[in-house]
Every structure is written in structure tokens, then in C-alpha cells.
Amino acid sequence: MRKFNVGIIGATGMVGQRFMLLLQNHPWFNVTVLAASSSSAGKKYRDAVRKWHMGEPIPEKLADITVMDATADKEKIASSVDFCFCAVNMKKDEIKELEYAYAKLECPIVSNNSAHRHTDDVPMIVPEINPEHLEVIPFQRARLGTKRGFIAVKSNCSLQSYVPLLHPLKKYGIKCAAVTTYQAISGAGKTFETMPEIVDNVIPYIGGEEEKSEIEPLKIWGKVENGKIVPADSPAITAQCLRVPVSDGHTAACFVSFENKPSKDEILKAWAEYSGEPQRLFLPSAPRQFIHYFTEDDRPQPKLDRNLELGMAVCAGRLREDNVFDYKFIGFSHNTLRGAAGGAVLLAELLASKGFFD
């Protein structure tokens with residue numbers, strides 16, 4: 001695989017910082033451009049970052065790159081890279097406009113943002129689940145009038161804690177599922193220092209999160225028809241989403257009923273044996289074992305398990321029969337690695353392996 005020059009748009013934010021760490025020694029991707037808002041433009045990266053939130057220091061090899069203006073410098077940025085990651089903090093309409101602008105400048109965008117998740121010719125990919133949705137990219141290019149430029153997005157971070165666990169069980173006919181997610185503060189771009197109200201507290205509302213949790217899985221499980229992704233019409237999912245005092249890692253309590261109820265051993269076997277395109281292609285960021293099941297009653301736990309397989313694994317535990325649904329279990333994933341920046345890097349690796357950046 002040849003090296004690709006890449007940009008990070010929104011490099012100073014929390015997800016942008018995570019991109020910096022993930023890409024500093026990536027075997028395929030060479031970071032050559034960092035971009036952010038006009039207030040950061042013109043500064044060295046180390047000076048533009050108001051607060052570094054990561055546990056590891058700013059990568060020295062990237063710290064002295066001069067930050068560019070994501071909006072004013074987009075023509076220069078687009079012409080100097082093979083593609084860009086995008087993780088900006090802007091209004092949804094502004095994000096749509098910005099990502100379209102880059103795509104039309106023939107710069108592919110791998111987006112961490114939600115603005116295009118419901119655009120029917122923009123693939124929303126969990127690489128182990130629906131890589132076939134990349135088939136819509138030529139149709140999107142035709143709509144945009146581009147040869148190289150396109151937009152691909154990753155799903156909402158909280159979905160990674162339960163959708164990958166439901167997916168291998170779809171062969172048993174999932175009738176319905178209920179999920180409650182317990183979401184880390186980094187999902188809101190916060191730390192305990194910047195979100196003191198979460199200490200010794202649970203906040204039972206995250207704006208828009210429950211709608212995403214119920215609707216986005218249906219697009220992931222949809223089919224490509226006539227150049228568009230048509231969402232699945234089932235299973236029905238109901239969700240509640242809570243913000244909890246955890247730094248990193250989203251936990252899900254999931255309840256599920258089936259048309260053809262499997263045994264517990266059949267579910268465990270389906271999880272243990274499931275792998276996807278990233279594992280078959282040995283993509284650099286892919287976990288060797290996608291789903292890890294813990295037999296201990298008190299696992300998975302954010303503090304113990306969030307960095308499993310460099311934070312790219314999906315964890316499960318406490319599978320048991322339920323007296324209302326057929327089964328219940330606990331799911332878990334690292335929200336800024338598997339759920340955000342790491343998931344976007346894995347998506348970019350999938351795109352690169354399929355030739356979409358050539």
C-alpha cells in the first residue's frame with residue numbers, strides 16, 4: 001500500500017486530537033495538513049491547541065505544523081492531500097456545506113460528523129458490518145460532478161456498543177430490541193475539569209442521541225438500490241441515553257427478542273466466530289478479534305476494558321435469558337477510538353484498500 005498524504009480538519013478539538021495520536025505513525029497515512037477555525041489558523045499546532053485532552057503528549061513530529069483555516073484555505077488544502085478526515089464543531093448546515101465544498105474540490109472526506117449520516121448516497125459505515133455500502137460512492141460522485149471527491153461517514157459513537165453485537169444475531173430474526181446507553185463525557189468533548197456538573201451525577205438526557213440510536217442502525221442494515229441506501233424497516237429499536245461520570249467508553253444494556261430464539265451457546269458462538277472485511281484484509285487498525293465476550297459477572301468495565309485491542313474491540317458480557325425479552329446482555333466500546341477517530345481511520349483504511357483514494 002502506498003503512502004497517502006492526509007489532512008485533519010478540526011484538528012484542535014478532542015476527536016481531532018485523537019486523530020493526531022492515531023495517525024502519527026500510521027503505516028499508510030502521512031499527516032501533512034492540519035486545519036481548524038480562523039482563530040487557530042496561522043499558529044503552530046502546539047500553540048493553537050487551547051487544551052490538550054489526551055493522556056499522551058502532542059506528537060512532536062506534528063506539533064510544529066502551521067494550522068490552516070478550514071474554510072478560507074480549502075482550495076489549498078484540497079489540492080495538497082489525497083483525502084481529509086473531518087471532525088469539526090460547527091452547525092449541521094455549515095458542516096454539510098463545508099464537506100460538500102471539499103468533495104467538489106476533488107478531496108475525499110472521511111467524516112466523523114453527523115451532518116451527512118442521512119444523505120441517501122453517502123455511505124455510513126461500520127467496516128465490519130456494511131462495507132458493501134461503499135457501492136454508492138460512484139453514484140454520489142455522479143451527483144456531485146466529481147471524479148475523486150466524495151463523502152463517507154462513520155456512525156454515531158454509541159451505536160458501536162450494541163449494533164456490532166446485534167448484527168451477528170440477525171440470522172435468527174431480531175424482532176425488537178431495547179437499549180439504554182451509559183455514555184462517557186468525552187462523547188460530549190468534555191473532561192471532568194470542563195464538566196464538573198457530572199461528578200457524582202447522572203444526566204438522563206443527551207440531545208438527539210436517542211433518535212440516532214433508534215434510526216441509524218436501520219441505515220447500516222439497509223440495502224443499496226438504484227444508487228441509494230434504502231434503510232431497513234426492522235427491527236424496531238427503542239433507546240434511552242444517559243451521560244455518566246466516565247471519562248472514556250460507552251456501555252449499553254441491551255434487551256432483544258427473536259423470531260427464532262437461539263440458545264445461549266449459539267449466541268456466544270456467533271459472537272466468537274464473527275469477523276468482517278477489516279479482519280480478512282488485515283487492515284492496520286482492525287482488531288484481530290472483533291467481539292470479545294467476558295464470562296465474569298462484573299465485566300466489561302470502562303476502566304478495565306476500554307483499551308482492549310488498542311480500543312478497537314467491541315466487548316460483551318452478562319448474556320442471560322430475560323423474562324420479558326428473550327435475552328439481555330451488556331455491550332461496551334471505546335467511544336473516541338472504535339466509536340469516533342479510530343472508527344474513521346479504519347473506514348479510511350477500508351476505502352484505501354478498495355482504491356477509492358487512487
Side-chain angles (χ1 to χ4, degrees), residues 8 10 13-23 53-55 85-89 110-117 123-130 152-167 179-191 206-217 219-220 239 241-244 246-254 276 278 283 285-287 290-292 300-303 305-316 330-350:
I8 304 172
M14 184 174 281
V15 175
Q17 293 175 21
R18 183 66 75 182
F19 275 125
M20 297 284 284
L21 293 179
L22 291 173
L23 296 172
H53 297 293
M54 301 293 107
F85 293 102
C86 188
V88 294
N89 183 17
V110 180
S111 179
N112 192 73
N113 305 304
S114 64
H116 279 289
R117 287 181 191 158
M124 181 173 68
I125 302 289
V126 179
E128 284 88 351
I129 295 178
N130 61 330
V153 302
K154 51 156 291 298
S155 69
N156 189 39
C157 57
S158 65
L159 269 63
Q160 311 291 331
S161 61
Y162 63 94
V163 170
L165 301 175
L166 292 174
H167 183 71
V179 62
T180 299
T181 57
Y182 303 84
Q183 300 186 204
I185 58 176
S186 57
K190 302 290 187 179
T191 63
I206 306 172
E209 200 74 5
E210 288 158 2
E211 293 84 354
K212 295 173 187 175
S213 300
E214 295 169 354
I215 295 171
E216 287 187 18
K219 182 175 181 181
I220 292 170
C241 301
L242 291 73
R243 189 73 70 192
V244 296
V246 171
S247 58
D248 292 301
H250 289 350
T251 299
C254 192
L283 298 181
S285 298
F290 181 39
I291 296 170
H292 289 253
Q301 294 181 25
K303 204 167 187 177
D305 304 314
R306 58 186 160 218
N307 292 317
L308 186 63
E309 300 238 25
L310 301 178
M312 292 298 290
V314 176
C315 303
I330 300 297
F332 175 79
S333 64
H334 194 307
N335 58 297
T336 67
L337 286 170
R338 164 55 71 170
V345 172
L346 184 60
L347 170 54
E349 292 168 359
L350 180 66

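Worth saying up front: this structure is predicted, and the values here are computed from it rather than measured.
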Take Asn130 and Lys219, measure what side-chain contact (heavy atoms from CB on, under 4.5 Å) needs, and give me the verdict at the end. CA-CA 10 Å; Asn130 61 330; Lys219 182 175 181 181; over 6 Å; no
For Ser161 and Tyr182, what are the C-alpha separation, side-chain angles and deciding distance, and is it a side-chain contact (heavy atoms from CB on, under 4.5 Å)? CA-CA 10 Å; Ser161 61; Tyr182 303 84; over 6 Å; no
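Leu159 approaches Ser213 most closely through the heavy-atom pair CD1-CA, 3.9 Å. Closest approach of Ala344 to Val110, counting heavy atoms only: O-CG1, 3.5 Å. Residues Gln160 and Ser155 share a closest heavy-atom pair of NE2-OG, 3.0 Å. Taking each heavy atom of Gly342 and Met312 in turn, the nearest pair found is O-CE, 3.5 Å.
Residues Phe332 and His292 fail the side-chain proximity criterion, which asks for heavy atoms closer than 4.5 Å. Using a 4.5 Å heavy-atom threshold, the side chains of Pro127 and Leu283 count as separate. For the pair Ile206 and Thr181, the minimum side-chain heavy-atom distance is 4.5 Å or more. With a 4.5 Å cut-off on side-chain heavy atoms, Leu165 and Cys254 do not count as touching. Taking the side chain as every heavy atom from C-beta outward, Pro278 and Phe290 never approach each other to under 4.5 Å. You'll find the side chain of Met14 reaches within 4.5 Å of the side chain of Met54, heavy atoms only. Using a 4.5 Å heavy-atom cutoff, the side chains of Val163 and Val126 are not in contact.
Partners of Thr180 under the side chain to side chain donor-acceptor pair (under 3.5 Å) rule, at least two apart in sequence or in another chain, do not exist in this structure. When the salt bridge (charged side-chain N to carboxylate O under 4.0 Å, His left out) test is applied to Glu349, no partner is found at least two apart in sequence or on another chain. When the side chain to side chain donor-acceptor pair (under 3.5 Å) test is applied to Asn156, the partners found at least two apart in sequence or on another chain are Ser158, Glu209. Residues passing the side chain to side chain contact (heavy atoms under 4.5 Å, CB included) test with Gln301, sequence neighbours excluded: Asp298, Arg299, Leu304, Asp305. Scanning for side chain to side chain contact (heavy atoms under 4.5 Å, CB included) contacts around Ala341 gives Val15, Arg18, Phe19, Leu22, with sequence neighbours left out. For Cys157, the side chain to side chain contact (heavy atoms under 4.5 Å, CB included) criterion is met by His250, Asn335, not counting sequence neighbours. Applying the side chain to side chain donor-acceptor pair (under 3.5 Å) criterion to Ser111, with sequence neighbours excluded, gives Glu99, Asn113. Partners of Asn89 under the side chain to side chain contact (heavy atoms under 4.5 Å, CB included) rule, at least two apart in sequence or in another chain, do not exist in this structure. With sequence neighbours left out, the side chain to side chain donor-acceptor pair (under 3.5 Å) criterion links Gln17 to no other residue. Under the salt bridge (charged side-chain N to carboxylate O under 4.0 Å, His left out) criterion, Glu216 pairs with Arg117, not counting sequence neighbours.
Atom OG of residue Ser186 and atom NE2 of residue His334 lie 7.0 Å apart, to the nearest 0.5 angstrom. Atom CD1 of Ile330 is separated from atom SG of Cys315 by 12.0 Å, given to the nearest 0.5 angstrom. Separation of atoms CG (Asp248) and CG (Leu337) is listed at 7.5 Å; rounding is to 0.5 Å. We find the CG-NZ distance between Asn112 and Lys154 to be 4.5 Å, quoted to the nearest 0.5 Å. For the atom pair Cys241 SG and Glu214 CD, the distance stands at 8.0 Å (nearest 0.5 Å).
Checking side-chain atoms of Arg306 against main-chain N and O of Ser333 turns up no donor-acceptor pair under 3.5 Å.
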